[in-house]
Amino acid sequence: MNSPIDATTTSAWAELEAHRDSFTPDLRGWFAADSGRVDRLSLPLADLHVDLSKNLVTDDILASLVRLAEQVGVAERFAQMLSGVHINTTEDRAVLHTALRRPAGESPELVVDGQHVDGGVQEVLDRLSAFAERVRSGEWKGVTGKKVATVVNIGIGGSDLGPVMVYEALKPYADDIEARFISNIDPTDLAQKTAGLDPETTLFIVASKTFTTLETLTNARLARDWLWEGLAAAGAIGDDENSRTDAVAHHFVAVSTALDKVADFGIDPTNAFGFWDWVGGRYSVDSAIGLSLAIAFGPENFRELLAGFHAVDEHVASTPLAQNVPVLMGLLNVWYSNLLGAQSHVVLPYAQQLHRFPAYLQQLTMESNGKSVRWDGSPVTTTTGEIFWGEPGTNGQHAFYQLIHQGTRLIPADFIAFANPAYPLKDGDRDVHGLFIANFLAQTKALAFGKTAEEVEAEGTTGALVAARTFPGNRPTTSIFAKALTPRVLGELIALYEHITFTQGVVWGINSFDQWGVELGKQLALQIAPAIEGDADAAAAQDASTRALLDYYRSHRG
């Protein structure tokens, strides 16, 4: 595996440092002097319209950023990923989430490590689709012969955040089957998510590749107990092993490759849907991890989601870097993070359906790029890993936008909106969605151009209030518009941020596809658990702070 190119040693990086040293942002001036700026910096990405014109860049800076991508090999690294080269170096794995959305019959066929990838992907997709149709049609029934009304996905991390986000985003496409999601090992999560459900019409999906994830398997056992108790209380099953086994077979399926462990749990392995070690959890919503979505929305809508992903994959693979939207957005993030000192990045969907999208991006971006060593094990030479966060507009306007507008921190912002709402409503004669979009447009305008002291004074304000009501502007934003939030468009949005993350990872020379940082805490939890349960030796082995906290817990647990 080739070693990463140190971005800071390239001539493009030296250009960017020179730009930074002489840089005075002036969006008002740039817009006034350049009538073609908006057209030049507004780019198509499949069904998305992306306006980069309100970013703090000139043509020269963009050209240097593109040269940086060329010099560190972004396009070459992307081609390696698509072809199955083991770019996940620490785990010696290919990275092939893009293969999950390749259309059937794609040519040439993708064969990696002797594995016919396309055939395997289509086989699982066909099985997933067929099962989803069985559940949706009522052919699949619970143990008492009733049709499934609720599907409950049990997973954590990538096995939860993706399905939850997509389900919330595409709820208007759901029909008569509700989906719920259990992730947290806090018992409250399971108790609240099963509240009001009928065990006779509930189907659980246990999503764990290895079928060993502590939180997921604990919740799966608790859900199984809930099922048995509920069915027994209703007189639907007897209090014997055969009845319980039959109940699990009718009410549990798995997304896992550990068929022996699936069978030990009581799930028929023929009702297990697998995926591969070249699919990272945070990149897996378009794999069998999306089973709950295929059931809730139907296989056709799930395939449309995949088509949206693939459209962006094709854009990245075939579009020159200077017009390549995900690459440009990733490079802009490098400019802000590494050259201008920004530490966080806010994503502001003007669509309530995307209220879980920022949380989804937190895992995608920060688990991928929160690294301090490069893919060859050497230390990084730059800061890495932006902090992603956000909330839907207009809620955020009444919360944290103050900091973005008039605070002392540089916070690049991505605004996302749709021309057509899922639920068009009017307040009298007024189109409420139009008022909503007016806020979307007003915020990006205010952040870019601000309000000068002279403009404030012209409104009659005097004295110290002038400074308080002045807005500096030059706060960078990217606007992303689409006609409507459809399954295809959502796939495009997710893939856009996947490849933004990829681009930044290549510039920083890091492996964006491992996550060793999550392992230590899990290992220590297993060591501490016996101390929680009263093992004196395990308690004594802990540090002083942990022992004191254990003492507090034991003395206050009712």
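To the nearest 0.5 Å, atom OG1 of residue T384 and atom NZ of residue K371 are 9.0 Å apart. Rounded to the nearest 0.5 Å, atoms CG (D376) and OG1 (T90) are 12.0 Å apart. With rounding to the nearest 0.5 angstrom, the CD atom of Q515 is 6.0 Å from the CD atom of E91. Rounded to the nearest 0.5 angstrom, T382 OG1 and R374 CZ are separated by 9.0 Å. Taking OG of S337 as the reference point, atom CH2 of W508 lies at 5.0 Å (rounded to 0.5 Å). Atoms CZ and OH, on R475 and Y401 in that order, are 14.5 Å from each other to the nearest 0.5 Å.
Between F302 and F297, the distance separating the two ring centers is not shorter than 6.0 angstrom. Taking the six-membered ring wherever Trp is involved, the centroid distance between the rings of F309 and H97 does not fall below 6.0 Å. With ring centers used as reference points, Y497 lies under 6.0 Å from F357.
In the model, E386 has no side-chain atom that pairs as donor or acceptor with a side-chain atom of T365 under 3.5 Å. A donor-acceptor pair shorter than 3.5 Å can be found between the side chains of T213 and S208. With 3.5 Å as the limit, one finds no donor-acceptor pair spanning the side chains of D313 and T98.
With contacts defined as side-chain heavy-atom distances shorter than 4.5 Å, the pair L496/I480 qualifies. Y360 has its side chain within reach of I494: a pair of non-hydrogen atoms, C-beta onward, lies under 4.5 Å apart. Put simply, the side chain of T501 does not reach to within 4.5 Å of the side chain of L361, judged on heavy atoms. With contacts defined as side-chain heavy-atom distances shorter than 4.5 Å, the pair F400/I411 does not qualify. Looking at heavy atoms from C-beta onward, Q542 lies out of side-chain contact with L549 at the 4.5 angstrom threshold. With a 4.5 Å cut-off on side-chain heavy atoms, W226 and V152 do not count as touching. Counting only heavy atoms from C-beta outward, the side chains of N184 and I156 never approach each other to under 4.5 Å.
Of the possible polar contacts, one joining the Q71 side chain to the A12 backbone as a donor-acceptor pair under 3.5 Å is found. W335 places a side-chain N or O within donor-acceptor distance of the main-chain N or O of L56, the cut-off being under 3.5 Å. Between the side chain of N324 and the main chain of T319, a donor-acceptor pair closer than 3.5 Å is present. Between the side chain of Q122 and the backbone N or O of R102 there is at least one donor-acceptor pair closer than 3.5 Å. Between the side chain of N88 and the backbone N or O of N511, no donor-acceptor pair lies under 3.5 Å.
Between E519 and K522, at least one side-chain nitrogen of the basic residue sits less than 4.0 Å from a carboxylate oxygen of the acidic one, meeting the salt-bridge criterion.
Between W278 and W276, the ring planes are parallel. Angles under 30° get that label, and only those over 60° would be called perpendicular. Ring-plane geometry between F131 and F273 is classed as tilted, the angle between the planes lying from 30 to 60 degrees on a 0 to 90 degree scale.
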Run the side-chain contact (heavy atoms from CB on, under 4.5 Å) test on E123 and D126 for me, step by step, so that the C-alpha distance in whole Å, both residues' side-chain angles and the decisive distance to 0.1 Å come before the verdict. CA-CA 5 Å; E123 187 271 335; D126 288 345; 5.9 Å; no
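Take K261 and apply the salt bridge (charged side-chain N to carboxylate O under 4.0 Å, His left out) test, not counting sequence neighbours, and it matches no residue.
Judged by a 6.0 Å distance limit and a 45° cone about the ring axis, R93 is not positioned over the six-membered ring of F513.
The nearest pair of heavy atoms linking L128 to S287 is CD1-O, 4.2 Å. The two residues I404 and W389 come nearest to each other via the heavy atoms CD1-CH2, 4.5 Å.
Applying the side-chain hydrogen bond (donor to acceptor under 3.5 Å, both in side chains) rule to pairs touching residues 262-273 yields D268-T270, sequence neighbours excluded.
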I'd like a table of donor-acceptor pairs (distance under 3.5 Å, sequence neighbours excluded) in which one partner is a side-chain atom from residues 160-168, with atom names and distances.
{"unit_1": "Y167", "atom_1": "OH", "unit_2": "A179", "atom_2": "N", "d": "3.1"}
{"unit_1": "E168", "atom_1": "OE1", "unit_2": "H355", "atom_2": "NE2", "d": "3.1"}

